[in-house]
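Chain letters run A, B, ... following the sequence lines, proteins first, then strands; residues in each count from 1.
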Amino acid sequence: MQRGLDSETKKQLEEEEKKIISEEHWYLDLPELKEKESFIIEEQSFLSCEDLLYGRMSFRGFNPEVEKLMLQMNAKNKADEEEEEETVELDVSDEEMARRYETLVGTIGKKFAKKRDRANFEEDENGNIKPRKAKKMFLKPQD
Amino acid sequence: MAGVVSTASPADRGVRAARAVLGQVVLPGEELLLPEQEGPEGPGGTGERPLRLSTGARSRVRVVCGPGLRRCGDRLLVTKCGRLRHKEPGGGGGGGGGVYWVDSQQKRYVPVKGDHVIGIVTAKSGDIFKVDVGGSEPASLSYLAFEGATKRNRPNVQVGDLIYGQFVVANKDMEPEMVCIDSCGRANGMGVIGQDGLLFKVTLGLIRKLLAPDCEIIQEVGKLYPLEIVFGMNGRIWVKAKTIQQTLILANILEACEHMTSEQRKQIFARLAES
């Protein structure tokens with residue numbers, strides 16, 4: 001005698017329950033609104049429209065700090081406009097830097113190498129400092 | 001230079017192209033077309049067509065609409081009356097399109113983010129000062145927003161002091177907030193304005209006119225005698241000279257120069273230089 005419900009009737013009941021639950025959920029019945037990509041940007045500030053000078057001014061040496069500020073701030077505005085391209089003069093040329101770094105890697109590596117490995121470094125001391133590729137492994141006696 | 005004002009009402013004018021109206025007076029409610037929408041008869045329409053990735057999508061340049069203009073669909077809607085101005089973007093800096101705005105005149109200031117203004121401290125409550133900037137609400141200024149200010153080292157600001165600062169928050173939904181340092185933490189001339197001097201109010205358009213890079217008025221004024229001026233974008237000007245009389249003369253000149261022609265101005269400066 002079967003007391004419980006059949007698996008089929010169980011499934012049907014579950015489906016009906018799900019239907020009822022999903023119908024009770026609220027949703028907005030609106031058509032899909034696609035937001036248009038707008039190419040117009042709104043700005044309320046006059047700063048981007050007109051080039052205005054700095055607001056504090058001093059004339060004929062009345063306030064020397066403000067006169068210094070005037071030069072600084074107005075020069076900054078002009079520098080932004082003109083977009084000066086300055087090529088910074090290099091103290092050290094690129095080639096010298098590359099050569100220095102080449103040797104640098106070896107010398108710093110030597111510092112952190114263990115005593116055994118340091119012996120490997122000393123082998124090729126002429127040009128580049130290379131660690132030995134083959135490590136000393138245990139050799140089984142053949143006899 | 002007189003602008004051409006048509007006697008037709010805005011409804012009769014229809015929608016005009018923004019390029020055609022540059023320098024002319026526009027009224028609120030007018031719609032303006034941006035250059036790309038002028039249709040295939042525009043200049044260069046018969047030239048080569050650029051390859052389009054997707055049919056129907058237009059390659060548009062980015063346009064900034066400044067004060068006095070609003071975005072309305074694809075067009076610009078005028079909200080203030082004045083002359084329409086345009087500025088091309090600087091080399092490589094702005095991208096494309098440029099800026100359009102309306103050069104209008106008003107006395108009432110509305111706080112805008114980034115503007116440098118002169119404010120008067122009206123109250124000191126806890127950690128913030130309430131500063132009157134001429135807007136609908138007093139702006140708040142934290143005591144830590146000064147150069148070199150820490151919790152132990154408070155700035156020396158009293159009620160009634162004049163402050164030159166800039167807005168960091170300024171929109172219609174929130175109380176405006178201002179600071180006296182820039183994003184790097186330096187003062188750059190902002191902070192408490194010194195003793196003495198005279199503060200007076202002018203229209204906003206005059207401030208912008210005086211702060212233009214090629215303003216003759218400021219250059220001529222600077223030759224008279226040693227003086228110091230601070231301009232706030234909220235229509236307030238603070239001036240200081242060696243004697244009270246000189247300060248008052250300066251204030252009168254700046255207030256009156258809005259409505260003077262350049263000949264009248266030169267006469268006045270000549271008279272002042274003599275005396």
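Partner of A/C49 under the side chain to side chain contact (heavy atoms under 4.5 Å, CB included) criterion, out of B/V99, B/D103, B/V64: B/V99 alone.
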Indicate every side-chain donor-acceptor pair of residues 168-180 of chain B with a distance under 3.5 Å to a residue at least two apart or in another chain.
from, atom 1, to, atom 2, distance (Å)
B/N171, OD1, B/D173, N, 3.2
B/N171, OD1, B/M174, N, 3.0
B/E175, OE2, B/K130, NZ, 2.5

| Would A/I40 and B/L34 count as a side chain to side chain contact (heavy atoms under 4.5 Å, CB included) if you check the C-alpha gap in whole Å, the side-chain angles of each, and the deciding distance to 0.1 Å? | CA-CA 10 Å; A/I40 309 178; B/L34 288 176; 3.7 Å; yes
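For B/V230, the parts sitting under 4.5 Å from any heavy atom of chain A are the backbone and the side chain alike. B/K113 touches chain A through its backbone: at least one of N, CA, C or O sits under 4.5 Å from a heavy atom, while the side chain does not.
To the nearest 0.5 Å, atom CE of residue B/M190 and atom CG of residue A/L69 are 10.0 Å apart. Between A/D51 atom CG and B/K87 atom NZ the span is 4.5 Å, to the nearest 0.5 Å. Summarising the geometry, atom CZ belonging to B/R208 is positioned 3.5 Å from atom CZ belonging to A/F46; distances are rounded to the nearest 0.5 Å.
When the shell of 6.0 Å around CZ of B/R108 is examined, it contains 12 or fewer heavy atoms from other residues, nucleotides or ligands. Other residues, nucleotides and ligands contribute at most 12 non-hydrogen atoms within 6.0 Å of the CD1 atom of B/I244. No more than 12 heavy atoms of other residues, nucleotides or ligands sit less than 6.0 Å from atom NZ of B/K242.
For the set A/L52, A/V66, A/L47, A/N74, the count of heavy-atom pairs under 4.5 angstrom toward chain B peaks at A/L52.
Taking the side chain as every heavy atom from C-beta outward, B/W101 and A/E43 never approach each other to under 4.5 Å.
Considering only residues two or more places apart in sequence or on other chains, B/E147 meets the side chain to side chain contact (heavy atoms under 4.5 Å, CB included) condition with B/I181, B/R186, B/A187. Under the side chain to side chain donor-acceptor pair (under 3.5 Å) criterion, B/D115 pairs with B/Y109, not counting sequence neighbours.
The two residues A/R56 and B/G189 come nearest to each other via the heavy atoms NH1-O, 2.7 Å.
Within residues 210-229 of chain B, the residues having any heavy atom closer than 4.5 Å to a heavy atom of chain A are B/L211, B/A212, B/P213, B/I218, B/G222, B/K223, B/L224, B/Y225, B/P226, B/L227, B/E228, B/I229, listed by residue number.
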